[in-house]
2 protein chains.
Amino acid sequence: MNVTLRQLRAFVTLAKLGSFTEAATALHITQPTLSGLIKELEQALGVQIVNRTTRKVELSSVGKEFLPLTARILQDLDEALRAITDIKELKSGTVRVAAPQLMACTLLTDVVSSFSQLYPGVDVRLSDSLVEDVLPRVQGGEVDFGIGPERTENRDIAAHLLFDMPFVAVLPQQHPLTRHEHLTWAEFLGHPLISLEGEYTQILRRELHAASDQLNYAPTKEVSFMTTALSMASAGLGVTVCLPYARSLLSLYQLQTRTLSEPTVRRKFHLLVRKDRVISPAAQAFFDYLLAYVAQQKWGSMAQ
Amino acid sequence: MNVTLRQLRAFVTLAKLGSFTEAATALHITQPTLSGLIKELEQALGVQIVNRTTRKVELSSVGKEFLPLTARILQDLDEALRAITDIKELKSGTVRVAAPQLMACTLLTDVVSSFSQLYPGVDVRLSDSLVEDVLPRVQGGEVDFGIGPERTENRDIAAHLLFDMPFVAVLPQQHPLTRHEHLTWAEFLGHPLISLEGEYTQILRRELHAASDQLNYAPTKEVSFMTTALSMASAGLGVTVCLPYARSLLSLYQLQTRTLSEPTVRRKFHLLVRKDRVISPAAQAFFDYLLAYVAQQKWGSMAQ
DNA sequence: TGACATTCATCGCTTGTCCCGATAAGTGGA
DNA sequence: TCCACTTATCGGGACAAGCGATGAATGTCA
């Protein structure tokens, strides 16, 4: 016979109320059942812990030693369950998200700030990463999920489409091109161009070239981070292209955007989650919130 | 559905071993049973705590939070059970005994010292009391049991006979009476007598007088404690009577004892226990030990 | 690429045990 | 000595726990 939680609860309640009948009522069991539980507990312990006559119930000396120990155990258990409930109900918890630097400082900052108002107990940790670092961080379990552009299929990672949006032209205020409501790439590429080092530029150049031999995506300046590119554009050093999710930063720099067509070049971004992991309730909530947030944005109208 | 200890144990073991099959073996249950236990626990908590595929088992983020809490609870429970076992096996525990002062410093000191060698973990606390304070201390629950002379029947207190022994004469060395092997009260009472104040003397006088008009128990000195009386007798200030259980003290004072007859006056001492209480294993052990110790003494041969 | 080995999940079935109601037994008070 | 009240015991019915068999998923090796 083994000690059970029910027996311990019975014992503590009995000790507190000093009566089998009352304690049984409090525990929502019958008095014979409680009697049996205490008896079982005493058998399991091998010692009598309650001195009882039909008139009086009191703890034996062993029972007096045992009571605080059990009371503490039950209290700790309740606390543990409450901790879990808090996590479940998003009163506490942590979400770790890896996202490219530009997204971290624009879209995600917006989302995090409104999510945090809704769930003040949840700690959202943004890991602003290089694009190529997002996937490893998800795979390594450093973060609950990541956000990244399209990737080759990965066995371990599930990808949920977050958005699919077209590149827009980014122009300083008063730039001649701002006179046009819409731009074509051909019109746009005639101006000094700031772009990013690496894949970003190469893939874009390839796509444009594939659409038309005439289109030559040839940046005059290349920097590492889009924030730098935007800053430079704001200073009148050139034009650049980016995705409309960076809206908040664009307006901060007082930059204008225009849709770019012929061709329309789109980028998909995905939420990346490890398939073998169930993410925490907080992470799940943020995940859902992010999807809903993005869904209600009208990126199409971003060309202001 | 409620959380059970078995579920928690299953969870902790599973977390430690990282495999349902292994953990099930360790817990001496089958794998499907363990599977069910974890499922129940997750249902009870309302959250998934283990991410599992057929190839890998690992804790979810919630599970990682829950693990230390449950591990601690189980550890505390084990400790509590061990504490009870220790008490049961007399590796720890406390005995509180109330006894008259003379008995505390003689018989009981001897018993306690040999009992303590046998059960070093048990703490025996002697409460050396006035004879009339023993019973109240037992009744009030201050002590596990008491030792006292015969009393009127008491509803709440059970009395176990500890011993029944005759008064002996206590003589300084070289006292003229030591020449006799045995004494009669008539011979004895002819010498300067030291006795105790109160009931002790009065009852004795009454008993002797009832046996023979000739016997007049008339102390020349009265003190409060037998230890004082013995000390005075040792100094040659008179003779006194006491019960042979004080053997160790008598030999310390180098006092001689002689049996006293015509009449033989006896005193019973009892172990006094509250009827409504089950005493602790340590107290029970000491109780038994004391009875056995006394039983093997040959008080009759005390007249050296 | 496919068969195999391994591991966890699911499903009936049996066994046991848990709890309840009824009732007995014990105790203090009138 | 009876009554009121409290705990202990007992028998039966319902429920659940655990087992074995089986299914499903996944990594491995030929």
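Every chain is numbered from 1 and lettered A, B, ... according to where its sequence line falls, protein lines coming before strand lines. The shown structure was predicted, so the numbers you read here are calculated from the model rather than taken from an experiment.
For B:D133, there are no side chain to side chain donor-acceptor pair (under 3.5 Å) partners at least two apart in sequence or on another chain. Residues forming a salt bridge (Lys or Arg N to Asp or Glu O under 4.0 Å) with A:E42 (at least two apart in sequence, or on another chain): A:R52. Every residue meeting the side chain to side chain donor-acceptor pair (under 3.5 Å) condition with A:K91, not counting sequence neighbours, appears here in chain and number order: A:E89. Taking A:K16 as the reference, nothing meets the side chain to side chain donor-acceptor pair (under 3.5 Å) condition, with sequence neighbours excluded. With sequence neighbours excluded, no residue satisfies salt bridge (Lys or Arg N to Asp or Glu O under 4.0 Å) with A:E22. B:Y289 is linked by a side chain to side chain contact (heavy atoms under 4.5 Å, CB included) to B:V111, B:S114, B:F115, B:L118, B:Y293, counting only residues two or more places apart in sequence or in another chain.
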Pairs under 3.5 Å (N/O, protein and nucleotides 9-16 of chain D):
{"residue": "D:dT9", "atom": "OP2", "partner": "A:K39", "partner atom": "NZ", "Å": "3.0"}

Protein-nucleic acid N or O pairs under 3.5 Å, nucleotides 27-30 of chain C:
{"residue": "C:dT27", "atom": "O4'", "partner": "A:T54", "partner atom": "OG1", "Å": "2.6"}
{"residue": "C:dT27", "atom": "O2", "partner": "A:R55", "partner atom": "NE", "Å": "3.3"}
{"residue": "C:dT27", "atom": "O2", "partner": "A:R55", "partner atom": "NH2", "Å": "3.3"}

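Under the ring-ring contact (aromatic ring centres under 6.0 Å, His included) criterion, the residue pairs touching residues 28-78 of chain A are A:F11-A:F66, with sequence neighbours excluded. Applying the side chain to side chain donor-acceptor pair (under 3.5 Å) definition to pairs two or more places apart or across chains, those involving residues 76-86 of chain B are A:R72-B:D76. Residue pairs that meet the side chain to side chain donor-acceptor pair (under 3.5 Å) test with at least one member in residues 277-287 of chain A, sequence neighbours left out, are A:R277-B:E58, A:Q284-A:D288.
For the contact set between residues 6-25 of chain B and DNA chain D, defined by any heavy atom under 4.0 Å, the members are B:R6.
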